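Worksheet for the structure shown next.
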Amino acid sequence: MAVGESKAEAAAGEAAGRDFIRDIVAADLTSGQHKTVVTRFPPEPNGYLHIGHAKSICLNFGVAEEFGGRCHLRFDDTNPTREEQEFIDAIARDVRWLGFDWGGHLYHASDYFERLYEWAEHLIRAGLAYVDDQSQEEMRVNRGTLTEPGRNSPFRDRSVDENLDLFRRMRAGEFPNGARVLRAKIDMASGNINLRDPVLYRILHAAHPRTGTEWKIYPSYDYAHGQSDAIEHITHSICTLEFEDHRPLYDWFLEHLPVPSRPRQYEFARLNLTYTVLSKRVLTKLVQDGHVAGWDDPRMPTIAGLRRRGVPPQAVRDFVKRIGVAKANSVVDAGVLDFSIREHLNKTAQRRMAVLRPLKVVIENYPEGHDEDLDAVNHPDDPSTGSRKIKFGRDLYIERDDFMENPPKKFFRLSPGAEVRLRYAYFITCKSVVKDDKGKVVELHCTYDPATRGGNAPDGRKVKATIHWVSAAHAKTAEVRLYNPLFNKPDPAGGEGFASDLNPQSLEVLKDAWLEPALVGGNSAEPVQFERLGYFVADPDSTPERPVFNRTVGLRDTFAKEVGGKA
RNA sequence: UGGGGGAUAGUUCAACGGUAGAACAGCGGACUCUGACUCCGUUAAUCUAGGUUCGAAUCCUAGUCCCCCAGCCA
């Protein structure tokens, strides 16, 4: 840090250049336009947060953190007909889980209802707002179209006194829903439809999660948002692209009201992901219509769903950092998220063995009724995690995929006559195959080489594959849930047609999986790697008798890719 | 046909008048007691046409294509 340089200025030098938002903030700090940066994340509590919100959260909280400022969590609760306490709680929980802290700066737009009301009267007195008695339909017709100007309301020129009287009676609850609205008096001929006398207040006889039945009128988003920003001294109000043409209106309110500060709005492109839909409307429908088990179904792109699937918050933050922030609409390949998840879990998850689709193996030359302990490391790249003992015996389970009776050239796992290594155990050779009356392979008979105990051959002989296994006598049974993309098209319909793009194979339940005993009873929420398979985490549905594991993400599988895919 | 935005490798993002670069994906190889990880190499882009300039992804002009807006939703 240079002499005389503030902390914020020093931070500005480092964070600048990452994206255009940070460039703006850095410039405002170095120019002295602002001494400190204040941002906000303003969710409407009408649903759960999803990965798209995570982008916004990381941007707003991230910018504040990097530049030594602060970020407020503000619930945009201006519409009691769709907002619920459950969502308020879930949102706060999810933001915290992502690793962000709003300190004491938790707010609600409803905290400002009284002040917003006073400012509405201020606009009326200034001749800048009026009560309109037109029906919703009349307003729509008179708003004009994209190419034709609108027409002034017949109530547009009411006197200040009449407007004040009517507005107060609206507040007092004298009129039914929809009877009247308060509108700004701007310009019915504006090319920007948001400026054609937008609605400031509508009558809503509805109970609000925080203010109860105190209010009969509620402010619109446009009227509430900028002023809330101003009240909180937000410096940079960051939102998504679709609000870009609301900015003139945002500015109009701030110019005509005695607000305590002057925030600026900046817009960035929202996140889109292949094979998923990030529309609150559709996500809500998925839950309501039972296409998924709930907001936290591990197939959902919600923060709660990702968490239950075992995705670590660090991976979500890394993902957001990777995809950047810009103004061009884009669709990010879902594989990028998978990469971030694997990258983090590869470093942190301990290794265990589990067999998902079991095939029985009998080691013919291993003594019956005997077993032994073998050593297995918990993490090959992190010796500090130590090792554990695993049981070996005569009867084992291996993965069905790891055996082929008539293997193609490139298959180097088990097949008749072939020798492979059982991880941490012995080399085994397949001697014979047992089939049922339908010709299905049900059991393998193998021999083991006692000299290869631990996994190395004293004669230096090599095998082409190492496969995972569990001891049949010691393994614990479990249910394992595999998740595939919720939609089967890279660009699923975001509107009414979404249901026809749902992937019928999005959930695959394996009820006959076997786990090494070390995996059971720890009731740990820590993700683990099932060797050669992927990353898994215990699901809350687990019971002591019946563990349930979710696959967070599979390991990269270049073999499957080469031969044309497996589950 | 109104208003507001946006176009750079397959994808996402850099380059802010001076050698178009990264990540993911792809392809090839090395290593390996995970067909993982890691490492090495490699394919691959400035929407089009003019203009300004010694020099243009960047500035100018004219087009093309894409997205958003006609809720008393946010």
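Reminder, nothing fancy here: chain letters follow the sequence lines and each chain counts from 1. Please read these numbers as outputs of a predicted model, since none were measured by experiment.
At a cut-off of 3.5 angstrom, counting only N and O atoms as typed in the model, there is a donor on one side and an acceptor on the other between the side-chain of Asp245(A) and the base of G3(B). A donor-acceptor contact under 3.5 Å is not formed by the side chain of Asn177(A) with the base of C72(B).
Side-chain proximity of Lys327(A) to the nucleotides A74(B), G5(B), A14(B) is greatest for G5(B). Looking at the side chain of Thr147(A), the nearest of the listed nucleotides G4(B), G2(B), U12(B) is G2(B).
At whole-Å resolution of the value, CZ in Phe87(A) and P in C73(B) are 18 Å apart. Whole-Å rounding puts the Arg151(A) CZ to A70(B) C1' distance at 13 Å. Atom pair Asp338(A):CG and U11(B):P shows a separation of 19 Å (rounding to whole Å applied).
Taking atom C1' in both G51(B) and U11(B), one finds a spacing of 33 Å when rounded to whole Å.
In the model, Thr240(A) has no side-chain atom that pairs as donor or acceptor with a side-chain atom of Arg270(A) under 3.5 Å. For the residue pair Tyr250(A) / Gln227(A), no side-chain donor-acceptor distance below 3.5 Å is found, with atom types taken as modelled.
Between Arg158(A) and Asp133(A) there is a salt bridge, since at least one side-chain N of the basic residue sits less than 4.0 Å from a carboxylate O of the acidic one. The existence of a salt bridge linking Asp132(A) and Arg156(A) is excluded, since no basic side-chain nitrogen approaches an acidic carboxylate oxygen closer than 4.0 Å. A salt bridge is absent between Arg210(A) and Glu83(A); no separation between the charged side-chain nitrogens and carboxylate oxygens falls under 4.0 Å.
Base pairing annotation: A20(B) forms no Watson-Crick or G-U wobble pair, as no partner gives both donor-acceptor distances under 3.5 Å. Partner assigned to A30(B) is U38(B), using Watson-Crick or G-U wobble distances below 3.5 angstrom. Across all strands shown, A15(B) remains unpaired; no Watson-Crick or G-U wobble contact has both distances below 3.5 Å. Within the shown strands, nothing qualifies as a pairing partner of G71(B) under the Watson-Crick or G-U definition with both distances less than 3.5 Å.
The one candidate from Gln265(A), Arg264(A), Arg40(A) that meets the side chain to side chain donor-acceptor pair (under 3.5 Å) condition with Ser237(A) is Arg40(A).
For Arg143(A) and G71(B), the shortest distance from a side-chain N or O to OP1 or OP2 is below 4.0 Å. Listed pair Lys561(A) / G26(B) meets the phosphate criterion, a side-chain N or O lying under 4.0 Å from OP1 or OP2. Note on Arg202(A): a side-chain N or O is less than 4.0 Å away from OP1 or OP2 of C73(B).
Between Pro219(A) and Ser190(A), the residue anchored closer to the 5' end of RNA chain B is Ser190(A), taking for each the nucleotide with the nearest heavy atom. In terms of position on RNA chain B, the residue among Asp132(A) and Leu146(A) whose nearest nucleotide sits closer to the 5' end is Leu146(A).
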Starting at the 5' end of nucleotides 35-45 of chain B, put B wherever the base has a protein heavy atom under 4.0 Å, S where only the sugar-phosphate does, and a dash everywhere else. BSS--------

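Taking the O4'-C1'-N9-C4 or O4'-C1'-N1-C2 dihedral as appropriate, G71(B) has a value within 90° of 0 and is therefore syn.
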